[in-house]
Amino acid sequence: QVQLLESGGGLVQAGGSLRLSCAASGRTFSDYNMGWFRQAPGKEREFVAAIRWSYILTYYAKSVKGRFAISRDNTKQTVYLQMNSLKPEDTAVYLCAASTSSRDYDVEAGYDYWGQGTQVTVSS
């Protein structure tokens, strides 16, 4: 079992930045591929970014590429999402997810464990 706890969300003006954190506990964090998804009211959950256990490979949704950066610190069992140049359309609950295998990184079914999420609100 893996427990995931997100933090760092909040209210920010358009153009601003936020850094989300996801702290993991349970099994060996370094074995997991990690991802961030988001869900806006009335919309389906969508992929944001993912990082492989090896640190080397990262993936981004087209809508955030160049503005967001995913990273991880295996010694702290934490994955981060640095969000810059935020837009009102980035407003959503952001969820962290962990995968025990190399399945598709950009779909919900590719992940085994989920956090509760942290709210990000971007005002115009």
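Because the structure is a prediction, the values reported are computed rather than measured.
- Of all heavy-atom pairs between L20 and W36, the closest is CB-CH2, 3.7 Å.
- Side-chain atoms of T78 never come within 3.5 Å of backbone atoms of D73 as a donor-acceptor pair (strictly under, hydrogens ignored).
- With rounding to the nearest 0.5 angstrom, the CD1 atom of I51 is 10.0 Å from the OH atom of Y59.
- Between the side chain of E6 and the main chain of G117, a donor-acceptor pair closer than 3.5 Å is present.
- How far CZ of F37 is from CH2 of W114: 4.0 Å, rounded to the nearest 0.5 Å.
- Looking at R67, its side chain does come within 3.5 Å of a backbone N or O of S85 through a donor-acceptor pair.
- Rounding to the nearest 0.5 Å places CD of Q77 at 10.0 Å from OH of Y32.
- A donor-acceptor contact closer than 3.5 angstrom links the side chains of Q3 and S25.
- Tracing side-chain contacts under 4.5 Å through hydrophobic residues (I, L, V, M, F, W, Y), one never reaches V48 starting from Y80; they form parts of separate clusters.
- Within the model, atoms CG of D104 and OH of Y111 stand 9.5 Å from one another, a figure rounded to the nearest 0.5 Å.
- Between L95 atom CG and Q39 atom CD the span is 7.0 Å, to the nearest 0.5 Å.
- Using a 4.5 Å cut-off on side-chain heavy atoms (C-beta onward), I70 and R72 make no contact.
- At distances below 3.5 Å, not a single donor-acceptor pair connects side-chain atoms of N84 with backbone N or O atoms of F68.
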